[in-house]
Amino acid sequence: MLKRPDKITPPPPDKYEKFKVCIIGSQGVGKTALLNRLADNTFSEKYEPTVGSDFKIFISKGVKNVQLNFWDLSGDPSYVEVRNEFYKDGQLCIVCFDITDSHSYQMVDKYVAEVKKNGGEKMPVIVVATKSEMATRRISPKETIQGDCIKKEYAGYYEISAKDNEGYEELVTAMKRTLKENQ
């Protein structure tokens with residue numbers, strides 16, 4: 001007669017502190033590239049617009065294991081009603097603009113207002129300038145944009161390059177710090 005094996009108890013899953021993070025900004029600024037670099041450490045030159053929303057998970061292990069659940073929200077104006085639903089229960093919003101595109105920078109305040117209206121006044125916002133590898137074509141000095149973000153009491157300002165994989169460590173550290181401060 002065959003003997004049944006003893007009960008197999010799987011090891012407990014890692015405990016993660018989970019957070020919902022929304023990423024928003026004008027079309028084509030590099031939100032999806034930012035997300036792909038964070039979640040998968042990949043970059044593609046090919047532009048594919050986000051239809052509605054996309055979802056990815058970023059896990060950061062350390063003293064405290066953190067799971068950031070990212071919602072990449074389309075910048076297409078026709079998806080505004082869809083975006084508004086995603087802000088609910090969000091704990092942080094990343095508002096992106098293209099460092100070489102003045103219109104995308106001018107839209108930052110509009111997106112922040114949208115976030116605050118639909119996600120709550122207390123939701124922290126970090127502003128991220130994408131495509132920092134093209135800094136020679138930047139629309140405004142870094143210090144000017146940083147000053148604007150401080151005046152408007154945003155949770156921070158960072159410049160990143162998905163292409164060159166730069167600025168991500170600082171951004172992740174800032175996200176984790178901001179989430180911890182706003183728990």
Side-chain angles (χ1 to χ4, degrees), residues 16-60 66-132 139 145 148-149 152-163 167-168 171-172 174-176 178-179 181-183:
Y16 293 102
E17 202 167 356
K18 297 177 182 179
F19 298 97
K20 180 180 179 182
V21 180
C22 299
I23 301 175
I24 189 63
S26 297
Q27 289 177 285
V29 298
K31 300 178 298 292
T32 300
L34 177 152
L35 184 58
N36 288 338
R37 182 57 81 180
L38 275 172
D40 306 324
N41 198 26
T42 61
F43 174 76
S44 173
E45 294 275 353
K46 185 178 175 190
Y47 173 67
E48 291 184 35
T50 300
V51 177
S53 67
D54 194 9
F55 175 80
K56 291 211 180 203
I57 294 173
F58 171 81
I59 294 177
S60 175
V66 174
Q67 177 178 317
L68 301 178
N69 298 319
F70 285 105
W71 288 94
D72 174 9
L73 306 177
S74 174
D76 185 325
S78 64
Y79 289 107
V80 68
E81 294 302 320
V82 174
R83 285 196 307 263
N84 291 342
E85 292 302 311
F86 282 98
Y87 299 130
K88 294 174 181 153
D89 301 321
Q91 291 147 306
L92 176 64
C93 190
I94 307 296
V95 179
C96 299
F97 73 94
D98 178 337
I99 203 167
T100 68
D101 181 355
S102 59
H103 182 261
S104 71
Y105 178 61
Q106 292 164 359
M107 293 297 290
V108 168
D109 290 339
K110 176 189 171 288
Y111 286 115
V112 172
E114 180 179 295
V115 168
K116 299 292 184 175
K117 177 182 174 191
N118 297 289
E121 284 294 321
K122 293 186 179 186
M123 186 186 301
V125 172
I126 293 176
V127 176
V128 173
T130 60
K131 306 177 186 179
S132 67
I139 51 138
I145 298 170
D148 287 347
C149 290
K152 294 172 183 175
E153 298 181 350
Y154 297 152
Y157 169 71
Y158 298 89
E159 295 184 356
I160 56 114
S161 170
K163 184 177 185 176
Y168 283 90
L171 178 58
V172 169
M175 286 189 290
K176 289 174 14 181
T178 301
L179 287 163
E181 289 170 355
N182 289 283
Q183 281 187 317

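Just so it is clear, the values below take in all heavy atoms, side chains as well, and ignore hydrogens, waters and symmetry mates.
- A distance of 3.0 Å separates OH in Tyr168 from CD1 in Ile160, rounded to the nearest 0.5 Å.
- Under the salt bridge (Lys or Arg N to Asp or Glu O under 4.0 Å) criterion, the residue pairs touching residues 94-107 are Asp98-Lys131, with sequence neighbours excluded.
- Contact between Cys22 and Leu73 at its shortest, heavy atoms only, is CB-CD1, 4.1 Å.
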Q.
Tyr111 vs Ser26, test: side chain to side chain contact (heavy atoms under 4.5 Å, CB included). Steps then yes/no.
A. CA-CA 9 Å; Tyr111 286 115; Ser26 297; 3.7 Å; yes
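- The neighbour count for Lys18 NZ, taken as heavy atoms of other residues, nucleotides or ligands under 6.0 Å away, does not exceed 12.
- In this structure a side-chain-to-backbone donor-acceptor pair under 3.5 Å is present from Gln91 to Lys20.
- The 12-atom threshold is exceeded at CD of Glu181, counting heavy atoms of other residues, nucleotides or ligands nearer than 6.0 Å.
- No side-chain heavy atom of Glu48 sits under 4.5 Å from any side-chain heavy atom of Thr32.
- Side-chain atoms of Glu45 and Lys163, non-hydrogen and from C-beta on, do get closer than 4.5 Å to each other.
- Met123 approaches Cys93 most closely through the heavy-atom pair SD-CB, 3.7 Å.
- Taking CD1 of Ile57 as the start and CG of Asp40 as the end, the distance is 11.0 Å to the nearest 0.5 Å.
- For the residue pair Gln27 and Asp76, the shortest heavy atom distance occurs at CG-N, 3.5 Å.
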Q | Trace of the side chain to side chain contact (heavy atoms under 4.5 Å, CB included) decision for Ile145 with Tyr105 | A | CA-CA 9 Å; Ile145 298 170; Tyr105 178 61; 3.9 Å; yes
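- The nearest pair of heavy atoms linking Glu159 to Ser132 is CB-CB, 4.1 Å.
- Between the side chains of Thr50 and Lys31, not a single donor N or O lies within less than 3.5 Å of an accepting N or O.
- Among the candidates Phe19, Phe86, Phe58, the single residue satisfying the ring pair (Phe, Tyr, Trp, His ring centres under 6.0 Å) test with Trp71 is Phe86.
- One finds the CZ atom of Arg83 at 8.5 Å from the OG atom of Ser78 (value rounded to the nearest 0.5 Å).
- Of all heavy-atom pairs spanning Lys116 and Lys122, the tightest one is NZ-C, 4.3 Å.
- Across Ser74 and Tyr79, no two heavy atoms sit closer than the pair OG-CD1, 3.4 Å.
- If you take OH on Tyr157 and CD1 on Ile126, they are separated by 13.0 Å, rounding to the nearest 0.5 Å.
- Among Leu35, Asp72, Asn69, the one residue that satisfies the side chain to side chain contact (heavy atoms under 4.5 Å, CB included) test with Lys56 is Leu35.
- Note that the CD atom of Glu85 and the CG atom of Asn118 stand 8.0 Å from one another [nearest 0.5 Å].
- Taking SG of Cys96 as the start and CG of Leu34 as the end, the distance is 5.0 Å to the nearest 0.5 Å.
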Q: Give the intermediate values and the outcome of side chain to side chain contact (heavy atoms under 4.5 Å, CB included) for residues Leu179 and Leu68.
A: CA-CA 10 Å; Leu179 287 163; Leu68 301 178; 3.5 Å; yes
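- Exactly one of Ile23, Thr178, Asn182 qualifies for a side chain to side chain contact (heavy atoms under 4.5 Å, CB included) with Leu92. That residue is Thr178.
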Q | Working for side chain to side chain contact (heavy atoms under 4.5 Å, CB included), residues Tyr87 and Lys117 | A | CA-CA 9 Å; Tyr87 299 130; Lys117 177 182 174 191; over 6 Å; no
